[in-house]
Protein chains: 2
Amino acid sequence: MFELTPIMEKFILQWGEMGSTWGINRATAQMAALLYLSPTPLTAEDLSETLAIARSTVSTGLRELQNWGLVKIVHILGDRRDHFEMISDAGELFRVIVRQRKAREVDPLLYMLRRSVDAAGEDNAQVRERLQEMLDFLEMVATLYDRTEQIPTKTLVRIGQQMEQMPVETLSRLVQLGDGFGESLSKIVKR
Amino acid sequence: MFELTPIMEKFILQWGEMGSTWGINRATAQMAALLYLSPTPLTAEDLSETLAIARSTVSTGLRELQNWGLVKIVHILGDRRDHFEMISDAGELFRVIVRQRKAREVDPLLYMLRRSVDAAGEDNAQVRERLQEMLDFLEMVATLYDRTEQIPTKTLVRIGQQMEQMPVETLSRLVQLGDGFGESLSKIVKR
DNA sequence: GTCAAGTTTCTGTATTTACCGAAACAACCG
DNA sequence: CGGTTGTTTCGGTAAATACAGAAACTTGAC
């Protein structure tokens, strides 16, 4: 068993509520929250007892979290049971969540649009045009995402911090740069 | 009434299904799809009849879409009824959706974390540290988002296209750049 | 004012989804 | 091989959500 401090309890409850909004069910989200807070890996039993969630629900929840790559199994000497440990780096955590959501929400949309545009060949040109526009935009975003996926979290965080500090004036210039942006980027990177 | 071609029907159905995943209810999502495809603004009645959705459901759905800024009312000469028109630019469309989702999903989380970190003052330091890490990361992302919000869609699309074409080699260098990135960016922008 | 056309609010029903608890299943020990 | 401990699958129940249809409300014409 695991005694919850009031603050932990509150965080877990809120996070669980949040989970619903995020497309993760409440129980699973609560488990993730507890594992995130726990300094040591926990057993399925621990989770079940502490959160008052049925043993079976814990099991499926854990499997889901493992599939997403958020939780991994840890073994402890002299204990036959599996202990579960959450990814501890917040950046990595959200990265996984975003990847997951893209796969569930954006990719099917892309697939659907591609099929629709193909099928709309003989159909109203107006309709096809609209679909094509949406497809083009989404494909651009998807590619962009795939690219940033390759950048390690640490670097992204640094870039983020840099951009936070960047004066608004610089940013508004960036805005006006338009076409020249990519080219200039290549140049500074090559130095 | 509005005759649906098979391809339109398919798109609308799929989009509606997608809507559920996206946290938009099916009926509302279908309405949005039809409005997006329609070359002319439609009345609530049109939507109700074409999609076989109750008049009242259409009403609430339309209000929701208007609140999100996705749909606006258009008046047509000699017709007392409101006609509804969807945002037609795909980029703008997704931008609105993203803004909406941030407000519903990220902002409450941020709020919750801030409160938790404050309240955790006297609590276990381990726990507070974890919460603080998550908060820091999210605040960075939120700021980053707010910044890009200010960049017009058109420019973003251009940047996206540029990045797509950028050789992988350039990108991997960018990755290694780390701390220098923001600084370099300022420089090229100032030119 | 009354009537007519249009829109929204509200309440009950239906559908979906999450969750529990029991039973089946699997792994490991002596 | 049993027996013990741990995990998963399955069926039923409870809770949340979406939706329809009726009733209430608004707006504008005459």
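Below, chain A is the first sequence line, B the second, and so on; all start at residue 1. Just so it is clear, the structure is predicted and the values come from calculations on it, not from any experiment.
At a cut-off of 3.5 Å, with distance as the only test, no side-chain donor of B:T143 or B:D146 sits close to an acceptor on the other residue.
Computed from coordinates, the A:H83 NE2 to D:dT7 C1' distance equals 15 Å when rounded to whole Å. Rounded to whole Å, the distance from CZ on A:R81 to P on D:dT7 is 9 Å. Between A:W22 atom CH2 and C:dT17 atom C1' there is a gap of 21 Å when expressed in whole angstrom units. If you measure from atom CG of A:L51 to atom P of C:dA18, you get 17 Å, rounded to the nearest angstrom. Between the C1' atom of D:dT8 and the CZ atom of A:F84 lies a distance of 12 Å, rounded to the nearest Å. Whole-Å rounding puts the A:I53 CD1 to D:dT8 C1' distance at 17 Å. We find that CD of A:E45 is positioned 14 Å from P of C:dG21, with the value rounded to whole Å. For B:E17 and C:dT15, the CD to P distance is 15 Å, given to the nearest whole Å.
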Quick one: which protein N/O atoms are closer than 3.5 Å to N/O atoms of nucleotides 21-25 of chain D? Pair and distance per line, please.
unit_1, atom_1, unit_2, atom_2, d
D:dG21, N7, B:S56, OG, 3.1
D:dG21, O6, B:S56, OG, 2.8

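Grouping Ile, Leu, Val, Met, Phe, Trp and Tyr by side-chain contacts under 4.5 Å, direct or through others, puts B:V98 with B:Y145.
Using a 4.5 Å heavy-atom cutoff, the side chains of A:T28 and A:T60 are not in contact.
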Are B:M134 and A:W15 close enough, and set up right, to give a side-chain contact (heavy atoms from CB on, under 4.5 Å), and what steps lead you there? CA-CA 12 Å; B:M134 190 180 280; A:W15 184 271; 3.4 Å; yes
Does B:N25 form a side-chain contact (heavy atoms from CB on, under 4.5 Å) with B:E64? I'd like the steps, not just the answer. CA-CA 10 Å; B:N25 62 47; B:E64 206 170 1; 4.2 Å; yes
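Follow the hydrophobic side-chain contacts under 4.5 Å out from A:L42 and you reach A:I73 in the same cluster. At a threshold of 4.5 Å between side-chain heavy atoms, the hydrophobic network of Ile, Leu, Val, Met, Phe, Trp and Tyr places B:L13 and B:L47 in two separate groups.
Between A:F94 and B:F137, the ring planes are parallel. Angles under 30° get that label, and only those over 60° would be called perpendicular.
Mapped onto DNA chain C by nearest heavy atom, A:N25 and B:S59 fall at different nucleotides, with B:S59 at the one closer to the 5' end. Between A:D82 and A:R26, the residue anchored closer to the 5' end of DNA chain D is A:D82, taking for each the nucleotide with the nearest heavy atom.
Residue pairs satisfying the ring-ring contact (aromatic ring centres under 6.0 Å, His included) criterion with at least one member in residues 32-83 of chain B, sequence neighbours excluded, are absent. Within the structure, salt bridge (Lys or Arg N to Asp or Glu O under 4.0 Å) pairs that include any residue of residues 6-22 of chain B comprise B:E17-B:R26 (at least two apart or interchain).
Applying the 6.0 Å contact sphere to CD of A:Q66 captures more than 12 heavy atoms from other residues, nucleotides or ligands.
Each end of the helix from C:dG1-D:dC30 to C:dG30-D:dC1 gets its own rotation axis from five pairs of C1' atoms, and the angle between them is 10° to the nearest 10 degrees.
Ionic pairing of B:E105 and A:R101 is present here: one or more N-O contacts between side-chain nitrogen and carboxylate oxygen are shorter than 4.0 angstrom.
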Under a 4.0 Å heavy-atom criterion, the protein footprint on nucleotides 24-30 of chain C, written with B, S and -, is ---BS--
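With distances taken from any side-chain atom of A:A27 to the nucleotides C:dC19, C:dT7, D:dT9, the minimum falls on C:dC19.
Residue contacts for A:A29: at a heavy-atom cut-off of 4.0 Å it reaches no nucleic acid atom on any strand shown.
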